[in-house]
Amino acid sequence: MAIYANYAATSPALSQAVVCELHGYLCGEHLNAGRNFEGLEAGAIALRARRAVGKLLGVENPLRVLFSSGATQSLNMAIHGLARQGDHVLSTGVEHNATARPLELLRKNGVIELDWLRCEPDGSLDPDTVRKAIRKNTRLLVMSHASNVLGTIVPVTECFRIAHEYGVLTILDAAQTGGVLPFTMEDSERDSVFDVIAFAGHKGLGALAGSGGFAIGENASREMRQWISGGTGSESHSLDMPEFLPDRFEPGTQNTIGILSLAASVEEILDTGVETIRERERASTARFLAGLRTLKKIRVCGTLDPDRCVSVVSVVVAGYDAGEVSGLLFENHGIITRSGLHCSPLAHKTAGTFPGGTVRFSFGSGTTEAEIDAILEALAGL
Ligand SMILES: Cc1ncc(COP(=O)(O)O)c(C=O)c1O
């Protein structure tokens with residue numbers, strides 16, 4: 001039996017409840033939200049998903065939860081939609097390319113000035129770095145909640161609070177924390193320090209690949225221009241996108257099956273409780289980190305404190321390159337990991353593991369102690 005330790009890339013399987021929902025939908029008719037009377041059903045599915053995700057992220061108004069193809073599209077929509085000519089933008093030294101590439105594109109095209117905030121080699125970041133880097137023309141701060149390479153949790157609430165003191169808009173990449181780390185958009189949307197929260201459906205949220213979206217606060221939704229526009233089935237007489245949410249940011253036919261998978265899986269997460277999921281994953285990570293400390297050949301690149309990271313652990317094994325270790329673990333023990341740069345050259349430069357990369361282990365709430373011990377035993381045999 002294979003041991004799956006690649007949850008940071010994608011969830012290996014949908015839950016039984018989600019599969020049952022999708023089966024029911026696929027065996028029925030496929031309708032298009034807002035395009036005809038029957039399409040009300042697709043709209044109802046979307047509303048159900050907006051409510052579930054809204055509850056998870058602490059967003060009171062479900063119409064502030066928008067769907068897209070995932071975190072990458074959401075981050076692009078938010079970055080391109082909010083950045084203006086001459087703006088200064090801040091981001092961090094652990095970003096995924098989903099953030100780094102659109103920012104770098106805007107910088108190369110002469111639209112923005114860009115600074116990467118320096119993180120410590122383990123991926124941690126001092127919030128004061130944000131205050132020191134803010135300039136008169138700083139408009140945006142874009143941050144990963146937790147590095148997909150190092151697992152280290154970034155103190156985003158503190159950083160975003162500082163940003164808001166200076167009127168800087170905030171975008172959170174919650175691809176690695178949605179559904180696995182409790183956090184909310186806070187008290188009321190008006191006072192929230194989170195202006196945009198981008199989420200991926202296919203990781204901690206346990207939904208289909210190609211699903212995801214973003215939650216948006218009142219201020220950002222007024223400021224954000226459409227990066228993608230098209231038909232919405234509403235205000236069809238106009239060549240402009242409707243002003244109202246969710247249509248303002250949901251052009252084209254939506255991925256109803258993906259959105260249904262999100263509704264069903266997030267409802268399941270809410271039933272279990274994110275705190276419970278976090279505790280299970282923290283326990284797996286703690287066991288793994290404790291075991292790794294006893295293995296002389298292995299260097300852990302992120303934090304060794306399981307309270308300060310999500311369930312993502314990157315290592316370097318002395319005498320081996322990363323790809324070789326992943327290959328041996330799979331061939332000899334059926335252990336599935338991911339090696340290389342994990343779409344985040346910035347994080348590897350921060351950790352000092354560029355260009356060779358690391359072997360990344362990542363766990364889910366169903367990972368067992370026996371699986372962790374088997375991985376440790378396999379590593380001890382290298
Ligand atoms: C930190 C981070 N941001 C963004 C993404 C992209 O997410 P999606 O696959 O939903 O586009 C990933 C996926 O690997 C990620 O780990």
Side-chain angles (χ1 to χ4, degrees), residues 4-12 14 49 53 56-57 65-80 91-104 116-117 119 123 125 141-154 156 170-181 183 194 196-215 227-228 254-255 258-259 261-262 265-266 281 301-302 309-314 336-351 357-358 360-364:
Y4 190 80
N6 196 20
Y7 284 84
T10 197
S11 290
L14 299 171
V53 175
L56 182 80
L57 299 179
V65 176
L66 292 315
F67 298 116
S68 71
S69 67
T72 302
Q73 188 181 328
S74 301
L75 288 162
N76 271 272
M77 288 172 78
I79 289 168
H80 288 284
S91 192
T92 82
V94 293
E95 297 308 313
H96 188 277
N97 278 342
T99 290
R101 285 181 172 170
L103 286 178
E104 191 56 17
W116 301 110
L117 299 171
C119 298
L125 180 120
L141 171 61
V142 194
M143 277 186 158
S144 266
H145 199 175
S147 161
N148 67 307
V149 174
L150 301 164
T152 309
I153 298 166
V154 176
V156 287
T170 61
I171 301 175
L172 181 74
D173 175 358
Q176 291 296 335
T177 53
V180 301
L181 197 67
F183 71 99
F194 299 97
V196 177
I197 301 178
F199 57 90
H202 65 110
K203 299 178 192 279
L205 295 185
L208 282 175
S211 69
F214 60 99
W227 183 60
I228 306 176
Q254 297 299 296
N255 172 14
I259 294 171
S261 73
L262 260 175
S265 60
V266 174
E281 294 196 3
C301 301
C309 62
V310 291
S311 197
V312 174
V313 178
S314 257
I336 298 163
T337 59
R338 184 161 170 210
S339 58
L341 296 177
H342 314 94
C343 297
S344 183
L346 291 176
H348 283 280
K349 284 179 183 165
T350 291
T358 55
R360 182 183 71 183
F361 300 84
S362 48
F363 310 116

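These numbers were taken from a predicted model, which means no experiment stands behind them. Numbers here are sequence positions counted from 1. What you see below is based on every heavy atom in this structure, not just the backbone, and it leaves out hydrogens, waters and symmetry mates. Whatever order the structure lists them in is the order used to number ligands and atoms, beginning at 1.
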query = Among protein heavy atoms, which lies nearest atom 13 (C) of ligand 1, and at what distance?
reply = Lys203 NZ, 2.6 Å
query = Below 4.0 Å from any atom of ligand 1, is there a heavy atom belonging to His202?
reply = yes
Sub-4.0 Å atoms of ligand 1 with respect to non-hydrogen atoms of Ala200 = 10 (O)
query = Against heavy atoms of Ala98, which atoms of ligand 1 measure under 4.0 Å?
reply = 4 (C)
query = Parallel, tilted or perpendicular for His80 and Trp227, by the 30°/60° rule?
reply = parallel
message = If you take the nearest heavy atom of each of Thr10, Thr177, Asp173, which one is closest to atom 2 (C) of ligand 1?
response = Asp173
remark   = Of all protein heavy atoms, the one nearest atom 7 (O) of ligand 1 is Ala71 CB, 3.4 Å
query = Taking Gln73 for the side chain and Gly213 for the main chain, is one N or O donor matched with an acceptor at less than 3.5 Å?
reply = no
Heavy-atom pair with the smallest gap, counting every atom of Ser144 and Leu172 = C-CD1, 4.5 Å
query = For the residue pair Thr152 and Gly302, what are the closest heavy atoms and their distance?
reply = OG1-CA, 4.2 Å
note = Closest to atom 6 (C) of ligand 1 among protein heavy atoms sits Thr72 OG1, 3.3 Å
task = Give a yes or no on whether the backbone of Gly210 and the side-chain of Asn255 come within a donor-acceptor separation of less than 3.5 Å.
result = yes
ask   = Does any N or O in the side chain of Lys203 come within less than 3.5 Å of the main-chain N or O of Ser11, such that one atom is a donor and the other an acceptor?
value = no
request  = Considering only non-hydrogen protein atoms, determine which one is nearest to atom 15 (C) of ligand 1 and report residue, atom name and distance to 0.1 Å.
outcome  = His96 CD2, 3.3 Å
message = Is there a side chain to side chain contact (heavy atoms under 4.5 Å, CB included) between Leu208 and Leu14? Walk through the geometry before answering.
response = CA-CA 7 Å; Leu208 282 175; Leu14 299 171; 3.7 Å; yes
note = Per-atom filter on ligand 1: closer than 4.0 angstrom to a heavy atom of Gly70 are 10 (O)
query = Between Ser91 (side chain) and Trp116 (backbone), is there a donor-acceptor pair under 3.5 Å?
reply = no
query = With backbone taken as N, CA, C and O and side chain as the heavy atoms from C-beta onward, which portion of Ala175 lies under 4.0 Å from ligand 1: side chain, backbone, both, or neither?
reply = side chain
message = Checking the N or O distance criterion of under 3.5 Å, is ligand 1 in contact with Gln73?
response = no
task = Give the residue, atom name and distance (to 0.1 Å) of the protein heavy atom nearest atom 16 (O) of ligand 1.
result = Gln176 NE2, 2.7 Å
